[in-house]
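All ligand and atom numbering here is 1-based and tracks the order in the structure. All figures in this text were calculated on a predicted structure; none of them were measured in a lab.
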Amino acid sequence: MTLHFPITTIPGPGETLEVAPGILWARLALPFRLNHVNVYFIEDDGGWAILDSGISNPETRAAWQALLDGPMAGQNFTRLIITHHHPDHIGNAGWLCEKLGIELQTSAGSFLSFLNLAQAPAALEFDPHTRFYARHGMSPEGSKLVSTLGLGYLRMISTPPVSYRRLRQGMELRIGGRSFQVLTGDGHSIEQVMLYAPSDNLFLAADQVIERISPNISVFASEPHANPLGDYLASLGQIRASVPEDALVLSGHHRPFGGLHRRCDELAEHHVERCDLIEQACAGAPKSTNDLVPVLFSGKLDAHETSFAFSEALAHANYMVEQGRLRWIEEADRLMLERV
Ligand SMILES: [Zn+2]
């Protein structure tokens, strides 16, 4: 079984595309190699609910204006649902809620992380991150670059609204004539929100399951012993058990697709293969997390990509330490991974 793509066109800038009755898809540009994020309009009582908001920069706000003046002109908007706190999804949340006079609905994990990014600049301070990267084997120049330029995208957010409505795992969310089951999953972000509509077998998967790309699984300096890969694999299992294989999957990036269970299996297998590569790399001599970056990622990485690649390598390391396949040892102030 391979994935299939029932929708063959992609909405251009300032356009929407109906992907199911009363569900419109639009794409907003991103200033990264992953060059777009998907947002959706879901028909609601008396208007449209919006799902996700794009990164906060002048170009994206102009793109929103083009949608509001173009295909969505004259429409009412009822609420903004945000899947998770990464700036490509939550960036314009405050701006859109204010502009349209609508309520933000998201998980507690997403809202609190949004507040943290916006209101606790210490979370992004340069020094603790530099020490963290250096302890895991990065050069002084590399850790400086990654803790400044590499984390700059985390600041691409608007001022959060003061209040929100919480979405929780297991609750039923009515949007217009549809009833959605709310699922939340960890691993890519804390308590990422996904919505499943059994009535038309439609799954808004956010970044948890995407065609073509594997969502970034990261460990940051704020929680160095986190095991997001373990959380992510558990979430894939939960999605598989809750949503049928033949659901139409609408993700946060790339195309709508069918073949959800197949894709969950591919993503899980991808991480198993990466763990095997790490185990082989650590077989000869202990390796730092930074030594593992080229084992997992080929080609030249910019500062932003290096921050993702490093954090992803550490996520695999923490997972394998928890599994008992690797252990941490200290060598000249550096944390190294040794095969057990
Ligand atoms: Zn994303």
> Protein N/O/S atoms under 2.8 Å from the Zn ion (ligand 1): how many?
Replying inline: 4
> Between Glu331 and Arg334, is the closest basic N to carboxylate O distance under 4.0 Å?
Replying inline: no
>> Under the rule for salt bridge (charged side-chain N to carboxylate O under 4.0 Å, His left out), what residues qualify as partners of Arg166, not counting sequence neighbours?
In response: Glu191
> Residues in ring-ring contact (aromatic ring centres under 6.0 Å, His included) with Phe297, at least two apart?
Replying inline: none
>> Strictly below 4.0 Å, N to O, side chains only: are Arg325 and Asp276 in salt-bridge contact?
In response: yes
> Who are the side-chain contact (heavy atoms from CB on, under 4.5 Å) partners of Thr8, not counting sequence neighbours?
Replying inline: none
>> Check Glu245 with Arg262, please: is the shortest side-chain N to carboxylate O separation under 4.0 Å?
In response: no
